[in-house]
*Asks:* 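Handing you a structure now.
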There are 4 protein chains.
Amino acid sequence: MFTLDTRSRIPIYEQLIDQLKKLMMRDVMQVDEQLPSVRSLAQELTINPNTIQKAYRELEREGFIYSIPGKGSFVAPFQIDANKERLEMLKQDLEKIVSEILFLGGSKDELIEMIEKVKVAEREDKHD
Amino acid sequence: MFTLDTRSRIPIYEQLIDQLKKLMMRDVMQVDEQLPSVRSLAQELTINPNTIQKAYRELEREGFIYSIPGKGSFVAPFQIDANKERLEMLKQDLEKIVSEILFLGGSKDELIEMIEKVKVAEREDKHD
Amino acid sequence: MFTLDTRSRIPIYEQLIDQLKKLMMRDVMQVDEQLPSVRSLAQELTINPNTIQKAYRELEREGFIYSIPGKGSFVAPFQIDANKERLEMLKQDLEKIVSEILFLGGSKDELIEMIEKVKVAEREDKHD
Amino acid sequence: MFTLDTRSRIPIYEQLIDQLKKLMMRDVMQVDEQLPSVRSLAQELTINPNTIQKAYRELEREGFIYSIPGKGSFVAPFQIDANKERLEMLKQDLEKIVSEILFLGGSKDELIEMIEKVKVAEREDKHD
DNA sequence: GTGGTCTAGACCACT
DNA sequence: GTGGTCTAGACCACT
């Protein structure tokens, strides 16, 4: 269910965050569904529970999940729905912009290059 | 200077339009510089002058070039500058949106796929 | 239905455009009604299909008609309605202005002379 | 200098007003120049002095002339200049509107017809 | 059948 | 020389 690359420059907890977000945004994990417990997931992925903890804490801070002490962590309902809507809107905006850029003489390669750049910049932002 | 694919489903005159736009937007062709004449370019690319005409006519309609009968066709000044500014603005908008999409769990592959889709859709729009 | 003057300095495709616009704006051709096919009209008027194509293409670009390859060309709904409204507004503006010009000592002949001038200028604009 | 049609439905004093306005707007009569006296003009045109008086009174009311009792009537300076500027602006507006009407499928004859209509309506307005 | 693209080549007005 | 218009006719994808 998770593919982690321990040799990547991207911290494992961020890899976890990204993958959990994707699972939730794509409805693989349903709203209010319980996430694997910190300990069980740590064991399964053979990584330190603290790393899982760090990922869960960040996801909660961003509103994607909520944690009930003594019970576990769960997919947050409103945030996910709001984000899905937001994502749809963003994709529509993106389509219009990409369309106009191509019309104005921008190339597909230029666009892809920029996406790569943004992706890297995002990582660096987080580490600043 | 031009690479045309006569077997492509994209009409030759559109391939020409795209490439001329890129040359102008990237300053390979300067403002007010004369474009090759309809006839000379037709001869050089071994395609019919009418096809060049069609491309030039469309570029003029879009404001990228201006044609003076009896003199020639030239790179339009204001339109190109305006479009370059517009392109910069669009790229900045795009960066913000891509950044937010990635944050919300969108993947790079998803974005690239969408760019491909838009690119195809644009072609089809023109042919509908 | 059409009166074309092949000896006129106004290109045949422009004469066609003007007359088709008038037919549509005056409801002789209804919204969504199919226009004569490129080939049939060419045969009827004994001019080349390419010339009809050029007129239809321009009308489509201006939003007066829409063409579906394989089906035909049709009177565009919204654009025609919008243009009719626009035309009404323009006529009302014109009345006010003409009224004021006459009041200020302008003469009818002066106004008619100006209309002629604009009409010629329009043609030249297109041909510059 | 004046052409009056006594058989016209348009009152003579209005014919006078129109012609005097034209003379002033076209600089045939200069600013501050004295107009012919009521009596002399009446004699010259063999019409009643009251009719001239009525025309002068209306022109003064509209600001085109000013009368000094005991001296005579004169072309008003600022009003004429302001009106000339206004007339120029109106003509430019008119050109744009006529141009757009022709583009949208309006015909020259339609425009001329409308000018006639406005001209008649103006007369009727004054008599209401 | 329909519109869209393209070739080959003529003629025009204008520089 | 330049762009603009037009003819005659072929081929394409799609209905």
Side-chain angles (χ1 to χ4, degrees), chain B residues 2 4-18 20 32-76 120 122-128, chain C residues 2 4-18 20 32-76 120 122-128:
Chain B
F2 295 94
L4 298 178
D5 180 2
T6 49
R7 281 171 306 185
S8 162
R9 290 182 60 251
I10 299 165
I12 292 171
Y13 79 92
E14 284 191 17
Q15 295 182 43
L16 263 171
I17 288 172
D18 286 353
L20 282 163
D32 285 321
E33 188 182 328
Q34 186 166 4
L35 278 79
S37 81
V38 170
R39 278 175 187 75
S40 66
L41 191 55
Q43 200 165 27
E44 188 187 325
L45 303 173
T46 57
I47 54 178
N48 194 285
N50 282 330
T51 305
I52 311 286
Q53 258 277 9
K54 202 169 185 177
Y56 278 21
R57 188 186 161 89
E58 176 67 14
L59 283 170
E60 186 172 19
R61 200 188 61 72
E62 289 179 13
F64 282 86
I65 69 173
Y66 60 95
S67 297
I68 304 176
K71 287 200 66 179
S73 298
F74 306 85
V75 178
V120 172
E122 251 210 344
R123 293 297 171 199
E124 283 169 357
D125 258 20
K126 290 185 185 170
H127 303 160
D128 273 355
Chain C
F2 294 96
L4 298 178
D5 179 3
T6 50
R7 282 170 306 186
S8 162
R9 290 181 60 251
I10 299 166
I12 292 172
Y13 79 93
E14 285 191 17
Q15 294 182 42
L16 262 171
I17 287 172
D18 286 353
L20 283 162
D32 285 321
E33 186 181 329
Q34 186 165 5
L35 279 78
S37 81
V38 170
R39 278 174 187 75
S40 65
L41 191 54
Q43 201 166 23
E44 187 187 325
L45 302 173
T46 55
I47 54 177
N48 194 283
N50 281 331
T51 305
I52 311 286
Q53 258 278 7
K54 202 169 185 176
Y56 278 22
R57 190 186 161 88
E58 177 66 14
L59 283 170
E60 185 172 19
R61 199 189 62 72
E62 289 180 14
F64 282 86
I65 69 172
Y66 60 95
S67 297
I68 305 176
K71 285 200 67 179
S73 298
F74 305 86
V75 178
V120 173
E122 252 211 343
R123 295 298 171 197
E124 282 169 359
D125 257 20
K126 290 187 185 169
H127 303 161
D128 274 357

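By convention in this document, chain letters (A, B, ...) are assigned in the order of the sequence lines, proteins followed by strands, and residues within each chain are numbered from 1. Since the model is a prediction, treat every value here as computed from it, not as a measurement.
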*Asks:* Figure out the CD1/P separation between B/Ile65 and F/dT2, and round it to whole Å.
*Replies:* 14 Å
*Asks:* Quick one: closest heavy-atom pair of B/Gly63 and B/Ala76, and the distance?
*Replies:*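 Looking at all heavy atoms of both residues, the closest pair is O-CB, 3.3 Å.
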*Asks:* Where do N or O atoms of nucleotides 6-8 of chain E meet protein N or O atoms at under 3.5 Å, pair by pair?
*Replies:*
unit_1: E/dC6; atom_1: OP1; unit_2: B/Ile12; atom_2: N; d: 2.4
unit_1: E/dC6; atom_1: N4; unit_2: C/Asn50; atom_2: OD1; d: 3.0
unit_1: E/dT7; atom_1: OP2; unit_2: B/Asn48; atom_2: N; d: 3.0
unit_1: E/dT7; atom_1: OP2; unit_2: B/Thr51; atom_2: OG1; d: 2.4
unit_1: E/dA8; atom_1: N7; unit_2: B/Asn48; atom_2: ND2; d: 2.7
unit_1: E/dA8; atom_1: N6; unit_2: B/Asn50; atom_2: ND2; d: 2.6

*Asks:* Which whole-number value in Å describes the distance from B/Gln43 CD to E/dG9 C1'?
*Replies:*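 Checked: the CD to C1' distance equals 14 Å.
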*Asks:* Grab the CG-P distance between C/Leu41 and E/dT2 for me, whole Å please.
*Replies:*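 Taking atom P of E/dT2 as the reference, CG of C/Leu41 is at 11 Å.
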*Asks:* With sequence neighbours left out, what residues match C/Ser37 under side-chain contact (heavy atoms from CB on, under 4.5 Å)?
*Replies:* C/Arg39, C/Ser40
*Asks:* C/Ala55 and C/Tyr13: which non-hydrogen atoms are nearest, and at how many Å?
*Replies:*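 Minimum heavy-atom contact is CB-O, 3.7 Å.
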*Asks:* Paired stems touching DNA chain F, three or more consecutive Watson-Crick or G-U pairs with both distances under 3.5 Å?
*Replies:* E:1-14 with F:1-14
*Asks:* Between C1' on E/dG3 and CG on C/Leu59, what's the gap in Å once rounded to a whole number?
*Replies:* 14 Å
*Asks:* Examine distances only and state if a side-chain atom of C/Gln15 and a backbone atom of C/Ile10 form a donor-acceptor pair shorter than 3.5 Å.
*Replies:* yes
*Asks:* What is the distance, rounded to the nearest whole Å, between atom CZ of C/Arg61 and atom P of E/dG4?
*Replies:*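 Roughly 14 Å, once rounded to whole Å.
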*Asks:* Determine yes or no for a side-chain-to-main-chain donor-acceptor pair under 3.5 angstrom, with C/Gln34 supplying the side chain and C/Lys71 the backbone.
*Replies:*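 Looks like yes, one N/O pair under 3.5 Å.
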*Asks:* For C/Gln43, is the CD atom crowded, meaning more than 12 foreign heavy atoms sit under 6.0 Å from it?
*Replies:*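 Check fails, neighbour count at 12 or below.
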*Asks:* Applying side-chain contact (heavy atoms from CB on, under 4.5 Å), name anything that partners C/Asp32, two or more places apart in sequence or on another chain.
*Replies:* C/Tyr66, C/Pro77
*Asks:* So which of C/Asn48, C/Ile47, C/Ile52, C/Asp5 actually passes side chain to side chain contact (heavy atoms under 4.5 Å, CB included) with C/Ile12?
*Replies:*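 Testing each of C/Asn48, C/Ile47, C/Ile52, C/Asp5 against C/Ile12, the sole residue satisfying side chain to side chain contact (heavy atoms under 4.5 Å, CB included) is C/Ile47.
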*Asks:* Does C/Ser67 put a side-chain nitrogen or oxygen below 4.0 Å from OP1 or OP2 of E/dG3?
*Replies:* no
*Asks:* Could you tell me which residues satisfy side-chain hydrogen bond (donor to acceptor under 3.5 Å, both in side chains) with B/Glu58, sequence neighbours excluded, listed by chain and number?
*Replies:*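 Here the qualifying residues are B/Arg61.
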*Asks:* To the nearest 0.5 angstrom, please state how far the CD1 atom of C/Ile17 sits from the CZ atom of C/Phe64.
*Replies:*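 Here the rounded value is 10.0 Å.
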*Asks:* Find the distance C/Gln53:CD to F/dG9:P and express it as a whole number of Å.
*Replies:*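 My rounded result for the distance is 17 Å.
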*Asks:* Once you round it to whole Å, what is the distance between P of F/dG9 and CD1 of C/Ile52?
*Replies:*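 Spelled out: CD1 on C/Ile52 to P on F/dG9 is 16 Å.
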*Asks:* Which comes earlier along DNA chain E counting from the 5' end, the contact point of C/Gln34 or that of C/Arg57, where each point is its nearest nucleotide?
*Replies:* C/Gln34
*Asks:* Using the 3.5 Å cut-off, write out each protein N or O paired with an N or O of nucleotides 12-15 of chain E and the distance between them.
*Replies:*
unit_1: E/dT15; atom_1: O4'; unit_2: B/Gly70; atom_2: O; d: 3.3

*Asks:* Would you mind reading off the distance between B/Tyr56 atom OH and F/dT5 atom C1', rounded to a whole angstrom?
*Replies:*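 Taking atom C1' of F/dT5 as the reference, OH of B/Tyr56 is at 18 Å.
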*Asks:* Hey, are the side chains of C/Leu16 and C/Tyr56 touching, using non-hydrogen atoms and a 4.5 Å cut-off?
*Replies:* no
